[in-house]
J.: 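Mind having a look at this structure? Questions to follow.
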Amino acid sequence: MIAAVSAAGAERSVILVVNAGSSSLKFQVFDLAGGELQCVIRGLIEGIGTRPQIRAWRGDGSELTADGFTLSQASSVAMLGHITQIGQLAQRDTQAVAFNALWDWLVTRLQGARLIGVGHRVVHGGSLHSRPVRIDAPVLAQLEGLAALAPLHQPHNLAPIRSLLTLRPDLPQVACFDTAFHRTQPIEAELFALPMHFYDEGVRRYGFHGLSYEYVGRRIAELAPQAGAGRVIVAHLGNGASMCALLGGRSIATTMGFTALDGLPMGTRSGNLDPGVLLHLMRERGMSLDQIETLLYHQSGLLGLSGLSADMRVLQASGEPSARLAIDHFTYRVAREAGSLAAALGGLDALVFTAGIGEHSAPVRAAVCDRLRWLGVEIEAQANSESRLRLSPEGAAVSTWVIPTDEERMIAEHTCTTLGLS
Ligand code: ADP
C-alpha cells in the first residue's frame, strides 16, 4: 500500500486536525514542511451510527482508497453492543468507535511521517478559555463539565480526545474552541437581562463559529486592509448559521448565545425564539424537556418551516410555497440581524458571506443584499451568480465578499502555536 505521505528524504512532521460532529467526523493532515502548513490528506467519515463510510483525498485532490478502513455498520453496532455491556451507552461512543477506525486507517497512511500533535475542534470552552489549550486529564474533565451547554456537539468533540489519551498518551493534543474568539465581546453584549448572579454563574452569550470568524476576519484584512481594520459583518451561513460583528478584527457581537440555538434559523434549529413560547409549550401542551429539545434542535428551522428539507439546495429547487416561505424567512432574519450588528458596530464597511449557503447560494446572497441596500450594500449580479470573491462594484459604500472558510487550517495553526511549533 502506498502511504499518502511519502517517506522520501528526512522524516516529515505532520499534525492531525479532527472535527468530530454528531454524525460525521472531518479530518485533515497538515505537513509542516518549510514552516508552511500544507494539507496532505483531508477526508470525512459520514453516517456514523448508521452506515459509516470514509472518503479521503490527498493534497492534490486525488482520491484515497478506503482500503483498511474497517468500520462497517455491523462492527459499529457490535462494538456498541460491547460498550453497552460494560457501561452506559452514550452518544460519544459512536464517535469513539469511528475515531478508532480512522486512527487505524491513518496510521498506515502516515508511514514515513512523524505525527507531532493533534488539534481538535471543541465547540464550548466556557468562560475560562479565550484561547486554545493543551489537553490533559484535568482540562478534559473541565470540558466534559460543559457538555450540558452544547449537548449536540461537546460529547462528540471530546470523544476522539479521550480515545487518543488512551491510544497515545504521549501525543500532544490541543483543544480549539468555537467560543474563544468571542471573549473580546464587551459585557453589555454578553449579558442576558436576568438577575446578575446568572451571568456570574456562566449564563451569558458565548457565541460560536469563532474559528470560522477568526479565519475569515484575517482573510478580509488581507484582501481589504482598510475595511478589515474597520467594521465588518461576517455571515456564516451553513447548516448551523450565525453572524458576527468584527471591529478591527475582534468580535464585539454575535447572534448565537449561551448555546448554538440562538440567533438565525438554521437547517433544523429554531434560532431566536420568544422564551414565552417555551413556557407555553410546557404549560399548555405539557411538552417535556426532551420533547422541547428535539423540537428546537432537530425539527425546526428550514426543515420545520418548509416541512420538506433542511437542505437549502432542496428548498431552492422546490416549487413548493412552503420552501419559498422558509427561504424568505431565512433571508429576512439574516438581514435583520445584520441591521442589529451594524448598530453594534456603529456602521458598516464590509459584509462577508461564508460557509455552505453563504459560499454557494447566489439567490440567498442576492435576497439578503437587496434587503440591506439601505445600509449601502450593493452587489453586481454577475459577480454574485459566479460566486466571485468580491461582489460589490468599485466605490460601493460597503464592500461585499464571498470568502470560503477554513476552520481546519485555523485549528492547525492554533495547534502549532500552542505546542510551540511555529
Ligand atoms: P455545516 O458545516 O454547518 O454542516 P455547511 O457549511 O457545509 O454546513 O453548509 C451546509 C448548507 O449549505 C446546506 O444547507 C446546503 O444545502 C447548503 N449548500 C451547499 N451548497 C449549496 C449550493 N450550491 N446552493 C445552496 N445551498 C448550498
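Values reported hereafter were calculated over all heavy atoms of this structure, with side chains retained and with hydrogens, waters and symmetry mates removed. Start at 1 and go down the list; that is how both ligands and their atoms are numbered.
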J.: If you have a sec, work out which protein heavy atom is nearest atom 17 (C) of ligand 1 and how many Å separate them, to one decimal?
T.: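 Among all protein heavy atoms, the one nearest atom 17 (C) of ligand 1 is Ile357 CG1, 3.6 Å.
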J.: Around atom 6 (O) of ligand 1, find the nearest protein heavy atom and jot down its residue, atom name and distance.
T.: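 Atom 6 (O) of ligand 1 sits closest to the protein heavy atom Gly356 N, 2.9 Å.
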J.: Can you tell me if Lys26 contacts ligand 1 (heavy atom of the residue under 4.0 Å from the ligand)?
T.: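 True for this residue.
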J.: Tell me: protein heavy atom nearest atom 27 (C) of ligand 1, and distance?
T.: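 Nearest protein contact, heavy atoms only, for atom 27 (C) of ligand 1 is Arg313 CG, 3.6 Å.
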J.: Ligand 1 and Gly238, any nitrogen or oxygen pair closer than 3.5 angstrom?
T.: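 The answer is no, given that Gly238 and ligand 1 share no N or O pair closer than 3.5 Å.
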J.: Answer yes or no: is there a side-chain heavy-atom contact under 4.5 Å between His153 and Phe208?
T.: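 His153 vs Phe208: side chains apart.
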J.: Which is closest to atom 10 (C) of ligand 1 in terms of heavy atoms, Leu237, Asn239, Asn19, Ile327?
T.: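 When every heavy atom of Leu237, Asn239, Asn19, Ile327 is considered, Asn239 comes closest to atom 10 (C) of ligand 1.
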J.: Starting from atom 16 (O) of ligand 1, locate the nearest protein heavy atom and write down its residue, its atom name and how far away it is, to 0.1 Å.
T.: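 That would be Asp311 OD1, 2.3 Å.
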J.: For Gly267 and ligand 1, answer yes if some heavy atom of the residue is under 4.0 Å from a ligand atom, otherwise no.
T.: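 No, that is not the case, since the closest heavy atom of the residue is not under 4.0 Å from the ligand.
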J.: Given Glu407, His360, Arg365, identify the one with the heavy atom nearest to atom 20 (N) of ligand 1.
T.: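 That would be His360.
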J.: Classify the ring geometry of Tyr206 against His124: parallel below 30°, tilted from 30° to 60°, perpendicular beyond 60°.
T.: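 Correct class here is perpendicular.
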J.: Got a donor-acceptor contact below 3.5 angstrom from the Asn384 side chain to the Ala362 backbone?
T.: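 Such a contact is found between Asn384 side chain and Ala362 backbone.
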J.: For Arg205, is there any backbone N or O sitting under 3.5 Å from a side-chain donor or acceptor partner on Gln185?
T.: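 Present.
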J.: I'd like to know if the side chain of Ser322 reaches the main chain of Ser306, judged simply by a donor and an acceptor atom lying under 3.5 Å from each other, with no hydrogens or angles considered.
T.: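 Present.
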J.: Quick one: does ligand 1 sit under 4.0 Å from the side chain of Glu359, the backbone, both or neither, non-hydrogen atoms only?
T.: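 Glu359 to ligand 1: no contact under 4.0 Å from either part.
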J.: Can you sort out which atoms of ligand 1 are near Gly240, meaning under 4.0 Å from one of its heavy atoms?
T.: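 So the answer, numbered in order with elements, is 3 (O).
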J.: Is a donor on one side and an acceptor on the other found under 3.5 Å between the side chain of Gln173 and the backbone of Ile161?
T.: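 Confirmed, Gln173 side chain pairs with Ile161 backbone.
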J.: Quick one: nearest non-hydrogen protein atom to atom 14 (O) of ligand 1, plus distance?
T.: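 Checked against all protein heavy atoms, atom 14 (O) of ligand 1 sits closest to Met312 N, 3.3 Å.
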J.: Any donor-acceptor pair under 3.5 Å linking the side chain of Thr400 with the backbone of Ser392?
T.: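 No; zero donor-acceptor contacts below 3.5 Å.
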J.: Around atom CZ of Phe192, are there more than 12 heavy atoms from other residues, nucleotides or ligands closer than 6.0 Å?
T.: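 It does: Phe192 CZ has more than 12 such atoms within range.
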